[in-house]
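One structure is given here, and the rest of the page talks about it.
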Amino acid sequence: MKPKWIILSLMQTEIATDVLVIGCGIAGCTAALKAADAGMNVSLITSSSDVENCNTSKAQGGIIYKGETDSPESLIQDIWQAGCQKGYMPSIQLLAQTGPSLVDEILFNRLKIPFDSDSSGKLDLTEEAAHAVPRIIHVADSTGREIGIHFHKAVSSHPNIHLYTGFTAIDLLTTGHSATDSQNVYKPQTCFGAYVFDIQEKKVITFLAKETVLATGGVGALYLHNTNSDISRGDGIAMAHRAGARIINMEYIQFHPTGLYHPFKPRCLLSESLRGEGAVLINHLGEPFMNEYHPLGNLAPRDVVSRAIDDQMTKLQKQFVYLDISHKDPDWIRLRFPYITKICEEYGYDITSKPVPVVPVAHYTCGGIWVDHKGSTSIHHLSAVGEVTCTGVHGANRLASTSLLEGLVWGAFCGENLIARKNKSYDIPKVFPWQYENEPVDMALIRQDWQTIKHTMWNYVGPTRSYKRLQRAYTILRN
């Protein structure tokens with residue numbers, strides 16, 4: 001039974017909690033579970049009505065574990081090189097040295113996720129682009145979905161967690177601009193919750209929290225072609241920016257090379273595992289082309305592959321290239337990639353018998369809210385985990401299958417940090433009540449603005465950039 005003080009009644013406009021976690025992907029759920037296991041009361045909110053509508057559930061390929069001939073040093077070098085040598089080495093080292101043990105502790109032992117293995121129980125390790133050895137564990141090609149299902153089952157059934165679906169965070173509560181006492185503006189900037197919109201009831205709830213954790217994901221949905229959840233609009237980054245948090249490396253957006261192309265349907269991710277298992281990129285002349293761009297060919301880092309595809313499309317004046325794995329046994333393809341096979345069929349393509357069209361797509365935000373190794377931001381009592389953050393792990397370009405691991409690692413360390421502070425007390429100031437606006441909404445203007453943003457981001461801030469394009473984007477978006 002849930003504690004009575006966090007049950008939401010129709011008249012309730014204020015909720016008090018120990019921890020407010022905004023976002024329910026792997027990072028947010030890990031932090032929430034850690035804190036709840038230690039006896040803290042946690043409110044976990046998501047703006048979607050479906051807890052699976054997050055980027056974690058969309059992750060196909062897998063999560064980094066450890067290869068048979070692997071070492072932390074090898075993984076560190078792969079992450080460093082894939083990130084264009086712009087990552088933060090202490091964070092990369094933390095991920096490589098602690099990641100596998102946290103996979104054991106949380107994913108294997110706590111959640112008991114059934115990662116693929118052979119008849120003897122040996123894990124099926126696959127290789128992805130820019131990895132020196134096979135070290136990726138997976139559940140067929142729906143790894144993120146399986147991880148999400150197990151996490152959501154755990155948080156939904158936890159007695160110390162109350163899950164709110166259909167709740168959109170609007171703004172953070174801080175001493176700087178939310179407290180009624182004007183003297184609070186002179187104190188260090190401190191977060192104590194958020195204004196949150198209840199979509200179904202159409203009212204704003206004030207969540208008062210001793211600790212607030214942003215886990216809202218990245219900005220992929222701002223792009224015309226993307227693989228992200230539609231709620232990945234950069235909400236958390238915008239709220240943190242308004243509150244005065246430090247934001248870094250926002251120019252580093254990772255583009256995934258292979259989004260399934262269809263002229264009338266949304267782009268759908270085709271996992272890098274396909275190329276790890278032997279798929280080849282070819283142009284409209286039927287020619288493999290990746291060896292012209294990088295020594296690793298089809299297993300080059302994602303940024304290299306994305307720009308190579310963009311170059312081929314430009315040279316041949318085509319809207320896509322092809323990905324071909326049809327040289328592999330059809331039954332093996334269906335067994336190894338059941339989700340991808342099904343999606344291709346729904347789009348009218350047979351990936352087992354012929355090449356399928358692909359284009360680069362906005363996939364991951366490498367920059368974001370600056371955090372330390374505990375997930376703490378530059379604002380007191382405000383933490384952040386997952387894609388909304390910049391830990392420094394990814395540098396300018398994320399290595400395949402590091403995203404889930406980063407969410408798990410920083411979610412765990414953030415949770416431990418919340419526990420370490422749970423007995424500390426501070427006064428939560430009185431806040432201004434939410435002021436409702438009565439201005440009529442013109443949906444035509446909103447739709448037009450939304451499309452302008454998406455096209456501007458894709459055309460001028462896409463895989464291939466120039467100073468002139470970025471200046472044009474800046475002018476349009478400022479207007």
Check the pair Leu269, His256 against side-chain contact (heavy atoms from CB on, under 4.5 Å), reporting the backbone distance first and the verdict last.
CA-CA 8 Å; Leu269 177 68; His256 196 289; 3.3 Å; yes

More than 12 heavy atoms of other residues, nucleotides or ligands under 6.0 Å from NZ of Lys86: is that the case?
no

When you check the gap from the basic side-chain N to the acidic O, do Lys34 and Glu105 get nearer than 4.0 Å?
yes

Within a reach of under 6.0 Å around CZ of Phe197, are more than 12 heavy atoms found that belong to other residues, nucleotides or ligands?
yes

State plainly whether the residues Asp311 and Arg307 are in salt-bridge range, i.e. N to O under 4.0 Å.
no

Distance (rounded to the nearest 0.5 Å) between Ile136 CD1 and Lys66 NZ:
14.0 Å

Compare all side-chain heavy atoms of Leu260 with those of Val356 and state whether any distance is below 4.5 angstrom.
yes

Candidates Asp104, Thr30, Asp37 - the one meeting side-chain hydrogen bond (donor to acceptor under 3.5 Å, both in side chains) with Arg110
Asp37

For Ser273 and Glu128, test the side chains for any donor-to-acceptor distance below 3.5 angstrom and give the result as yes or no.
yes

Non-hydrogen atoms of Ala96 and Pro72 that approach each other most closely:
CB-O, 3.8 Å

I'd like to know if the side chain of Thr258 reaches the main chain of Leu270, judged simply by a donor and an acceptor atom lying under 3.5 Å from each other, with no hydrogens or angles considered.
yes

Do the side chain of Ser156 and the main chain of Lys153 share a donor and acceptor less than 3.5 angstrom apart?
no

Ignoring hydrogens and geometry, is there a side-chain-to-backbone donor-acceptor pair from Thr212 to Gly193 under 3.5 Å?
yes

His327 side chain to Gly278 backbone, donor-acceptor under 3.5 Å:
yes

Carefully, step by step, assess Trp410 and His373 under the rule side-chain contact (heavy atoms from CB on, under 4.5 Å).
CA-CA 7 Å; Trp410 262 261; His373 288 172; 3.9 Å; yes

Would you indicate whether Tyr339, at its atom OH, is surrounded by more than 12 heavy atoms from other residues, nucleotides or ligands within a distance under 6.0 Å?
no

For the residue pair Tyr474 and Tyr460, is the inter-centroid distance of their aromatic rings smaller than 6.0 Å?
no

Give a yes-or-no answer on whether the side chains of Gln77 and Glu73 include a donor-acceptor pair shorter than 3.5 Å.
no

Please determine whether side-chain contact (heavy atoms from CB on, under 4.5 Å) holds for the pair Ile63 and Phe115, giving the CA-CA distance in whole Å, both sets of side-chain angles, and the decisive distance to 0.1 Å.
CA-CA 10 Å; Ile63 184 170; Phe115 291 101; 4.1 Å; yes

Test Asp141 against Ser271 for side chain to side chain donor-acceptor pair (under 3.5 Å), laying out the working first.
CA-CA 8 Å; Asp141 57 353; Ser271 170; over 6 Å; no

Determine the interplanar angle of the Phe320 and Tyr322 rings, folded into 0 to 90°, and report it as parallel if under 30°, tilted if 30 to 60°, perpendicular if over 60°.
perpendicular

Salt bridge present between Lys422 and Asp18 (N-O < 4.0 angstrom):
no

Between Phe108 and Tyr65, how do the two ring planes meet: parallel, tilted or perpendicular, split at 30° and 60°?
tilted

Take a 6.0 Å sphere around NE2 of His241 and say whether it holds more than 12 heavy atoms from other residues, nucleotides or ligands.
no

Check: Asn249 side chain, Gly367 main-chain N or O, donor-acceptor pair, under 3.5 Å
no

Between His394 and Glu406, do the side chains contain a donor N or O and an acceptor N or O under 3.5 Å apart?
yes

Evaluation steps, salt bridge (Lys or Arg N to Asp or Glu O under 4.0 Å), between Lys122 and Glu68:
CA-CA 11 Å; Lys122 182 180 178 181; Glu68 294 181 0; 2.7 Å; yes

Say whether Arg398 and Ser403, considering side chains only, have a donor N or O and an acceptor N or O under 3.5 Å apart.
yes

Starting at CD1 of Ile92, measure out to CD1 of Ile76 and round the result to the nearest 0.5 Å.
8.0 Å

Is Asp235 salt-bridged to Arg233, going by a charged N under 4.0 Å from an acidic O?
yes

OG1 of Thr216 to CD1 of Ile369: how many Å apart, nearest 0.5 Å?
6.0 Å

As a test of understanding, state which of Asn226, Asn55, Thr227, Asn228 forms a side-chain hydrogen bond (donor to acceptor under 3.5 Å, both in side chains) with His363.
Thr227

For His138 and Ala140, indicate whether the former's side chain and the latter's backbone hold a donor-acceptor pair under 3.5 Å.
yes

Ser353 vs Asp350, test: side chain to side chain donor-acceptor pair (under 3.5 Å). Steps then yes/no.
CA-CA 6 Å; Ser353 65; Asp350 182 3; 3.0 Å; yes

To the nearest 0.5 Å, what is the distance between CG (Asn397) and CD (Gln81)?
12.0 Å

CG on Leu274 to CD1 on Ile351, rounded to 0.5 Å:
5.0 Å

Within 6.0 Å of CD in Gln85, more than 12 heavy atoms from elsewhere
yes

May I ask you to decide if Cys24's main-chain N or O and Thr46's side chain share a donor-acceptor pair within less than 3.5 Å?
no

Does the distance from a Lys or Arg side-chain N to an Asp or Glu carboxylate O, for Asp78 and Arg135, drop under 4.0 Å?
yes

Any side-chain heavy atom of Val385 within less than 4.5 Å of one from Val371?
no

Spatial distance of atom CG (Leu408) from atom CD1 (Ile147) [nearest 0.5 Å]:
8.0 Å

Do Tyr164 and His162 pass the ring pair (Phe, Tyr, Trp, His ring centres under 6.0 Å) test, and can you show the C-alpha distance, the side-chain angles, and the key distance before you say yes or no?
CA-CA 7 Å; Tyr164 297 89; His162 196 287; 4.2 Å; yes

Checking Ser101 side chain against Thr98 main chain: does a donor-acceptor pair fall under 3.5 Å?
yes

Kindly say whether Ala221 contributes a backbone atom to a donor-acceptor pair with the side chain of Lys454 at under 3.5 angstrom?
yes

Would you call Phe255 and Tyr364 a side-chain contact if the rule is heavy atoms closer than 4.5 Å?
no

Main chain of Trp332, side chain of Asp329: is a donor-acceptor contact present, judged purely on distance under 3.5 Å?
yes

With a 6.0 Å cut-off on ring centres, are His262 and Tyr347 close enough?
yes

Do the side chains of Lys328 and Glu277 get close enough for a salt bridge, i.e. N-O under 4.0 angstrom?
no

Looking at Arg275 and Glu127, does any basic side-chain N land under 4.0 Å from a carboxylate oxygen?
no

Gln312 and Asn283: side chain donor to acceptor below 3.5 Å
yes

Could you tell me whether the side chain of Ile22 reaches within less than 4.5 Å of the side chain of Val213, counting heavy atoms only?
no

Decide whether Tyr261 and Gln319 meet the rule of one side-chain donor and one side-chain acceptor closer than 3.5 Å.
yes

Might you work through the side-chain contact (heavy atoms from CB on, under 4.5 Å) test for Lys210 and His381, ending with a clear yes or no?
CA-CA 7 Å; Lys210 297 177 181 177; His381 297 284; 5.9 Å; no

Mind listing the closest non-hydrogen atom pair of Gly244 and Ser378 along with its distance?
O-OG, 4.3 Å

Tell me whether Arg421 at atom CZ has more than 12 heavy atoms from other residues, nucleotides or ligands lying less than 6.0 Å away.
yes

